[in-house]
Amino acid sequence: MNADALTGHVLNIQHFCTHDGPGIRTNVFLKGCSLRCKWCSNPESISPKPELAYNPGKCIGEKQCGFCLKDTCPESAIYVVGSGDRADDKARINWDLCTNCGACVAVCPTNALYLFGQEMTVEQVLDEVEQDSAFYRESGGGMTLSGGECQLQPDFSAALLAGAHTRGINTAIETASNLPWNFMEKVLPHVDTVLHDIKLTDPERHKQWTGVDNSRIRANLKRAYETFPNLKFIARTPIIPGVNDDEEHIRATLAFIRPYPNVIDYELLPYHRFGASKYEFLGNVYGLADFQSPTSETMARLQALIDEAFGRGADRHEP
């Protein structure tokens, strides 16, 4: 089969990104994730297939529209409370009945109903990525595969990355590494930089907050460091107050990565709630609504441990 014709489920292609690898990058977000992190800011990436979303703020109601209610849904999953004369006659979704077929999306004039994700070929993705090639040349950037977990589509990801290299585009991936090793074996030979999470070092706490322990993740990372000594790795931790914003976790992570010279950096990402509204759009409840972002003092204190371990001055992040 022609690799360019291989298809995968793509959530989104985001242009002009600057925090997911060197230079200016185009991020390709793929569908599917094997973790269930309670702070996840991309819940729409978890399911491996396209998924219906509904933004009630865009719905103009049954009286003015009502197209989605006219025998459009084969499962009768769309309804209103009361009649069209009511002030609140917006559509409602019975998420237990919805099969994500997308039939309602085609008739919604305000895009209140839409699908997260679509099937695309390797060639379609790379053609869009290559539109930014001038920015890559100027900045040393390229394409970053993210998710979800991009390596859960190993053949598609490998073909995307190999195709990018063929077109002279630098490659990077963002990964949590909770997947079979043979998936990683397919993908990593085509990557220039791996940005990987180390969310928690304690197995029980990792399972409590992500749904799985970290034994496979740690084994995969050690094997990757050793199997691909010329590949650049950057460890990352999303800092969640009350979950992993302690020095013990940072020191344990440093002890894990510092024996490997190809782990060139360790980055801290402050928790935010930018994705909270998407839970509602998917018919879910966001469990960390009461959590706040870490303070600048906490981030500076933890960053100082990393700078010391890497032998850097404390002012390295100053402009």
Side-chain angles (χ1 to χ4, degrees), residues 20-21 29-43 45-48 144-154 156-158 161 171-229 231-240 242-271 288 302 305-306 309:
D20 304 301
F29 294 87
L30 302 187
K31 290 276 282 174
C33 187
S34 57
L35 299 181
R36 297 296 181 269
C37 302
K38 293 185 179 181
W39 57 81
C40 180
S41 61
N42 294 310
S45 71
I46 294 174
S47 170
T144 298
L145 297 190
S146 188
E149 172 54 70
C150 63
Q151 294 189 100
L152 285 177
Q153 298 186 54
F156 185 61
S157 290
L161 295 160
T171 64
I173 65 169
E174 293 184 310
T175 179
S177 306
N178 183 51
L179 66 160
W181 170 251
N182 65 302
F183 286 19
M184 298 181 71
E185 276 188 311
K186 290 183 178 181
V187 174
L188 293 184
H190 309 291
V191 181
D192 296 311
T193 304
V194 176
L195 301 104
H196 68 77
D197 286 353
I198 297 183
K199 303 174 191 293
L200 285 153
T201 47
D202 178 77
E204 288 303 315
R205 290 176 65 194
H206 197 283
K207 186 173 183 178
Q208 174 188 354
W209 289 100
T210 73
V212 301
D213 69 31
N214 59 357
S215 56
R216 179 161 71 167
I217 293 171
R218 291 173 69 89
N220 279 342
L221 288 176
K222 290 181 69 174
R223 193 168 181 179
Y225 297 158
E226 295 165 359
T227 305
F228 300 95
L231 183 54
K232 294 178 182 177
F233 294 86
I234 298 174
R236 294 174 133 187
T237 293
I239 297 298
I240 322 296
V243 177
N244 61 1
D245 60 339
D246 54 277
E247 294 187 12
E248 179 184 3
H249 166 62
I250 302 303
R251 292 186 188 281
T253 300
L254 288 166
F256 179 74
I257 65 176
R258 288 304 288 147
Y260 300 96
N262 50 345
V263 184
I264 62 172
D265 206 353
Y266 179 24
E267 299 178 346
L268 304 181
L269 310 174
Y271 164 74
L288 268 63
L302 300 179
L305 299 176
I306 297 172

Side-chain donor or acceptor of Asp245 paired with backbone N/O of Gly242 under 3.5 Å: yes

If I take atom NE2 from residue His249 and atom CG from residue Leu302, how far apart are they, to the nearest 0.5 angstrom? 9.0 Å

Sequence-distant partners of Thr144, side chain to side chain contact (heavy atoms under 4.5 Å, CB included), two or more places apart: Asp20, Arg25, Asn27, Ala172, Glu174

Test of understanding: with side chain to side chain donor-acceptor pair (under 3.5 Å), list the residues that count as partners of Lys186, not counting sequence neighbours. Asp155

Given side chains that start at C-beta, do those of Arg218 and Thr201 come closer than 4.5 Å, heavy atoms only? yes

Going by salt bridge (charged side-chain N to carboxylate O under 4.0 Å, His left out), name the residues that satisfy it together with Asp202, two or more places apart in sequence or in a different chain. none

Show the nearest heavy-atom pair for residues Cys40 and Pro43, with the distance to one decimal. SG-N, 3.7 Å

Under the side chain to side chain contact (heavy atoms under 4.5 Å, CB included) rule, collect the residues that match up with Ser47, sequence neighbours excluded. Lys31, Lys49, Glu51

Between Gly147 and Asn42, which heavy-atom pair has the shortest distance, and what is it? O-ND2, 4.0 Å

Pairing residues for Asp192 by the side chain to side chain contact (heavy atoms under 4.5 Å, CB included) criterion, not counting sequence neighbours: His165, Asn170, Thr171

By salt bridge (charged side-chain N to carboxylate O under 4.0 Å, His left out) - contacts of Glu247 (at least two apart): Arg251, Arg301

Rounded at 0.5 Å granularity, tell me how far OG1 in Thr253 sits from CZ in Arg236. 14.5 Å

Heavy-atom donor-acceptor pair, Asn220 side chain to Leu179 backbone, under 3.5 Å: yes

Sequence neighbours left out, what passes side chain to side chain contact (heavy atoms under 4.5 Å, CB included) with Ile264? Give chain and number order. Lys232, Ile234

Would you compute the distance between atom CG of Asp197 and atom CD of Glu149 and round it to the nearest 0.5 angstrom? 9.0 Å

With a 4.5 Å limit on heavy-atom distance, are the side chains of Val194 and Thr175 in contact? yes

Could you tell me if the side chain of Pro180 sits less than 4.5 Å from the side chain of Arg216, heavy atoms only? yes

Restricting to side chain to side chain donor-acceptor pair (under 3.5 Å), what partner residues turn up for Ser177, sequence neighbours left out? none

Residue list, side chain to side chain donor-acceptor pair (under 3.5 Å) with Asp213, at least two apart or on another chain: Ser215

Mind checking whether Phe256 and Leu221 have side chains closer than 4.5 Å, heavy atoms only? yes

Does Glu226 have more than 12 heavy atoms from other residues, nucleotides or ligands lying within 6.0 Å of its CD? yes

Please answer whether the main-chain N or O of Ile198 pairs with a side-chain N or O of Thr237 as donor and acceptor at a distance below 3.5 Å. yes

List the atom of Leu200, the atom of Asn214, and the distance in Å for their closest heavy-atom pair. O-ND2, 3.2 Å

Keeping to residues at least two apart or across chains, list the ring-ring contact (aromatic ring centres under 6.0 Å, His included) pairs with something in residues 177-223. His196-Tyr225

Expected output: side-chain Asn262 to main-chain Phe233 donor-acceptor under 3.5 Å: no

Test side chain to side chain donor-acceptor pair (under 3.5 Å) applied to Thr227 - qualifying residues, sequence neighbours left out: none

Given Ile239 and Ile250, is the side-chain contact (heavy atoms from CB on, under 4.5 Å) satisfied, shown in steps? CA-CA 10 Å; Ile239 297 298; Ile250 302 303; 4.2 Å; yes

Would you check, one step at a time, whether the test side-chain hydrogen bond (donor to acceptor under 3.5 Å, both in side chains) holds for Tyr271 with Ser41? CA-CA 9 Å; Tyr271 164 74; Ser41 61; over 6 Å; no

More than 12 heavy atoms of other groups within 6.0 Å of Lys207 NZ: no

Closest non-hydrogen atom pair between Gly148 and Ser45, with its separation: N-OG, 2.9 Å

Measure the shortest side-chain to side-chain distance between Leu288 and Ile240 over non-hydrogen atoms and say whether it is less than 4.5 angstrom. yes

Of all the heavy-atom pairs spanning Val212 and Asn178, show the shortest one and how long it is. CG2-ND2, 3.9 Å

Side-chain contact, heavy-atom cut-off 4.5 Å: Leu161 with Ile173? yes

Non-hydrogen side-chain atoms of Trp39 and Lys199 separated by less than 4.5 Å: yes

Atom of Ala235, atom of Val263 and distance for their closest heavy-atom approach: N-CG1, 4.4 Å

Phe228 and Pro189, any side-chain heavy atoms less than 4.5 Å apart: yes

